[in-house]
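The chains referred to below are lettered A, B, ... by the order of the sequence lines, with proteins before strands, and numbering in each begins at 1.
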Amino acid sequence: MKWSQTLIPTLREAPADAEILSHKLLLRAGLARKLAGGVYTFLPMGLRALRKVEQIVREEMDRAGALEVLMPALQPSDIWRQSGRYETAADVLFKIKDSGDREWVLSATAEEVITTLTAGEINSYRQLPKNFYQISVKFRDEIRPRFGLMRAREFIMKDAYSFDTDDEAAQKTYQKMYDAYARIFARCGLKALAVEADTGVIGGKFSHEFMVPAETGENEVVFCEKCGYAANLEKAVSAAATAAGKAGAAIDKFATPGVATIAALARPPFNVPAEQQIKTLVYIANDKPIIILMRGDDQLNEAKLAGKIGSTVFRAATAGEIFAALGAHPGSLGAVKGTARGAFAGAVLADERLRGAAGMTTGANEDGFHLRNVSMERDVAVSQWADLRTVKAGEPCKNCGAAVQIRRAIEVGHVFKLGVKYSEKFNALYLDEAGNRKLAVMGCYGIGVTRTLQAVIEHCNDKDGIIWPISVAPYEVCITPLEVDAGSEVMKTAEALHAGLLERGVDVILDDRDERPGVKFKDTDLVGFPIRAAIGGKSLARGEVEIKPRGGAMQTAKTGAALETIVQLVKSRAQG
RNA sequence: CGGAGCGUAGCUCAGCCUGGCUAGAGCACUUGCUUUGGGAGCAAGACGUCGCAGGUUCAAAUCCUGUCGCUCCGACCA
């Protein structure tokens with residue numbers, strides 16, 4: 001390929017709407033352009049890199065025995081109703097109507113489609129296991145698309161769905177996918193960490209996310225360096241000590257005028273440490289208020305709450321709703337028996353960390369008053385205990401007791417063990433050896449292909465631009481002649497090298513633009529080609545070509561040996 | 001969905017507060033000349049419904065209202 005014939009619209013300055021580095025580089029290097037919020041066009045360089053990521057994914061999925069298929073992006077809404085996700089995933093589904101007013105859902109994922117398919121096509125244990133995958137465009141009506149390809153409304157995902165005869169076989173498939181994922185991300189030049197994860201709206205038994213550590217990541221990962229425990233903050237648990245306190249004393253109501261926060265009560269003149277306070281949260285779930293009790297210094301983890309109540313459809317109550325339920329305003333709320341002066345009749349969920357706590361202080365459900373010497377066992381009618389708190393850095397690891405750390409990360413892949421959730425809904429049954437009808441056991445496995453691409457950029461760059469791992473680079477080699485007059489020795493040498501590399505199967509681009517050397521070097525660095533071969537009058541006079549790995553040291557090769565040197569360099573980098 | 005900010009040339013932005021001649025700069029683009037090893041110089045040129053709609057005014061990029069779009073923060077801590 002000749003540079004002048006493709007389109008690589010590099011930008012000296014980043015567009016103002018790009019915030020994070022990888023997003024800026026995506027635009028500056030001319031890889032993609034935004035059409036609308038969270039919707040991008042891939043330009044030639046971006047598409048080439050994307051295709052290489054896809055190819056790595058494809059090779060590893062094939063190697064793991066998965067079968068590539070292609071499912072429709074346009075899905076009848078009926079199947080989403082059948083799975084129940086028409087409601088539970090309503091906020092992320094794009095819905096459209098055809099001219100006959102029939103409603104369709106744009107594919108956000110494909111459990112419904114694949115399970116419908118297998119229900120019809122798979123009838124016997126002899127046909128199992130099967131694992132189907134596709135690499136296709138997905139649509140999600142993100143509340144807030146951001147950071148370029150990181151969180152987009154339309155993106156490319158590899159999604160796979162496995163069907164096994166039983167749990168044990170499904171576990172093996174899960175492990176196979178887990179291993180394939182580790183290879184995929186390693187081949188893309190990423191250090192991805194597998195962490196325990198929340199199953200979210202997809203549901204299922206358990207799951208792991210593959211996370212690439214990055215300051216700009218949208219997820220937080222709790223991990224223990226000592227024993228290797230790693231989990232998404234939404235799921236993580238620690239061995240944090242339970243609440244303590246002296247029991248026995250009778251409840252004492254005291255005036256706290258103007259005190260409306262945990263912090264205010266912790267200050268003089270009250271001096272009640274946050275860990276001796278009970279925080280009372282009011283949520284509306286299924287249109288009814290529920291109370292959630294946390295230790296004062298703990299934070300509610302909404303993902304855990306969602307898991308506990310089995311729905312993501314809940315929200316914090318408004319001040320008005322709270323007053324109606326408890327007869328007091330935020331700041332003086334509590335759950336001590338008999339104190340609610342409103343119409344509250346809902347559930348009281350308490351965080352496990354409060355179990356057995358005594359000598360606690362909490363709101364009196366009367367504005368300007370709190371209660372002290374509160375004992376959870378004696379004074380509070382808890383309807384359900386649950387782990388609802390968010391782990392904090394430095395708490396002891398639940399496995400080994402060492403202090404856990406928290407880092408931000410980008411989620412590039414997610415593997416789920418689904419069980420029979422969808423098999424049941426869609427009657428994905430097979431006959432076993434004994435002729436019994438059984439439900440296929442499913443797993444599902446996703447990789448955000450476009451997000452992975454941007455994660456590579458976020459991970460591999462310097463002040464001059466992108467530094468592509470050779471495995472996903474748009475071109476492996478860029479030849480940079482410093483004179484481009486047809487027939488000049490420099491250009492003839494460059495063209496010969498270009499032709500030779502093409503013949504040897506190297507992905508190569510020839511920068512034949514009549515630009516000054518500085519412009520060419522800057523652009524080549526910005527786009528991030530792994531190897532640059534520069535040919536100028538000076539080097540050619542010495543009979544040499546200058547070969548410079550991006551981000552590495554320059555070396556020279558005699559013109560006659562340049563081809564072989566570059567081929568070897570490409571090979572060694574591809575293996576490394 | 002709540003809050004904040006921003007929409008002026010392909011990109012980065014100035015001008016707006018305090019309304020007033022023909023709406024500007026840098027980069028990019030076109031042409032010519034000079035230059036040519038890390039984003040060159042000179043000259044000439046082209047490029048704008050100032051997001052859109054309405055209003056106020058003798059006069060609106062500028063003030064007001066609405067609307068659309070984009071970005072960021074939040075959407076637990078009572």
Choose from [options] the nucleotide whose nearest atom is closest to any side-chain atom of [X].
X: A:R144; options: B:rC72, B:rC70, B:rG39; value: B:rC72
X: A:V519; options: B:rG39, B:rG38, B:rU12; value: B:rG39
X: A:R28; options: B:rC77, B:rA78, B:rG39; value: B:rG39
X: A:E515; options: B:rG26, B:rC29, B:rA40; value: B:rC29
X: A:R532; options: B:rC70, B:rG38, B:rC13; value: B:rG38
X: A:V282; options: B:rC13, B:rC72, B:rA78; value: B:rA78
X: A:E13; options: B:rC11, B:rU36, B:rC70; value: B:rC11
X: A:T10; options: B:rC11, B:rG39, B:rC77; value: B:rG39

Write down the distance separating the [atom1] atoms in [N] and [M], rounded off to the nearest Å.
N: B:rA60; M: B:rC21; atom1: P; result: 11 Å
N: B:rA28; M: B:rC47; atom1: C1'; result: 11 Å
N: B:rG24; M: B:rG45; atom1: P; result: 14 Å
N: B:rC52; M: B:rA14; atom1: C1'; result: 23 Å
N: B:rG74; M: B:rA61; atom1: P; result: 38 Å
N: B:rA43; M: B:rG55; atom1: C1'; result: 47 Å
N: B:rG2; M: B:rG20; atom1: C1'; result: 41 Å
N: B:rC73; M: B:rU57; atom1: C1'; result: 38 Å

Counting the atoms with a prime plus P, OP1 and OP2 as sugar-phosphate, which does [X] contact under 4.0 Å by heavy atoms, base, sugar-phosphate, or nothing?
X: A:R33; value: nothing
X: A:S539; value: base
X: A:R389; value: nothing
X: A:K520; value: nothing
X: A:N301; value: nothing
X: A:A14; value: sugar-phosphate
X: A:I292; value: nothing
X: A:G331; value: sugar-phosphate
X: A:I262; value: sugar-phosphate
X: A:F147; value: sugar-phosphate

Assigned partner base of [N], Watson-Crick or wobble definition, under 3.5 Å:
N: B:rG2; answer: B:rC73
N: B:rU22; answer: none
N: B:rC16; answer: none
N: B:rU49; answer: none
N: B:rC33; answer: B:rG41

Distance-only polar pair, side chains of A:D512 and A:S4, donor-acceptor under 3.5 Å: yes

Any luck finding a side-chain donor-acceptor pair between A:E302 and A:Y283 under 3.5 Å? yes

Would you say A:R146 places a side-chain N or O within less than 4.0 Å of OP1 or OP2 belonging to B:rC73? yes

Report yes if a side-chain nitrogen or oxygen of A:R516 is closer than 4.0 Å to either non-bridging phosphate oxygen (OP1 or OP2) of B:rG39; otherwise report no. no

On RNA chain B, does the nearest nucleotide to A:P15 precede the nearest nucleotide to A:A36 from the 5' side, or the other way round? Give the residue. A:P15

The salt bridge (Lys or Arg N to Asp or Glu O under 4.0 Å) partners of A:D351 (sequence neighbours excluded) come to none

Can you see whether A:W468 has A:R550 sitting over its ring - NZ or CZ less than 6.0 Å from the centre and within 45° of the normal? no

Ring centres under 6.0 Å, that's the criterion: do A:F147 and A:H23 meet it? no

Test for a donor-acceptor pair under 3.5 Å between the base of B:rG38 and the side chain of A:D525, counting only N and O atoms. yes

Candidate pair A:H370 and A:T362, rule side-chain hydrogen bond (donor to acceptor under 3.5 Å, both in side chains), full reasoning: CA-CA 6 Å; A:H370 278 76; A:T362 190; over 6 Å; no

List the steps, then state whether side-chain hydrogen bond (donor to acceptor under 3.5 Å, both in side chains) holds for A:S22 with A:Q454. CA-CA 6 Å; A:S22 56; A:Q454 196 174 326; 2.9 Å; yes

Should A:R542 and A:E544 count as an ion pair when the cut-off is N to O under 4.0 Å? yes

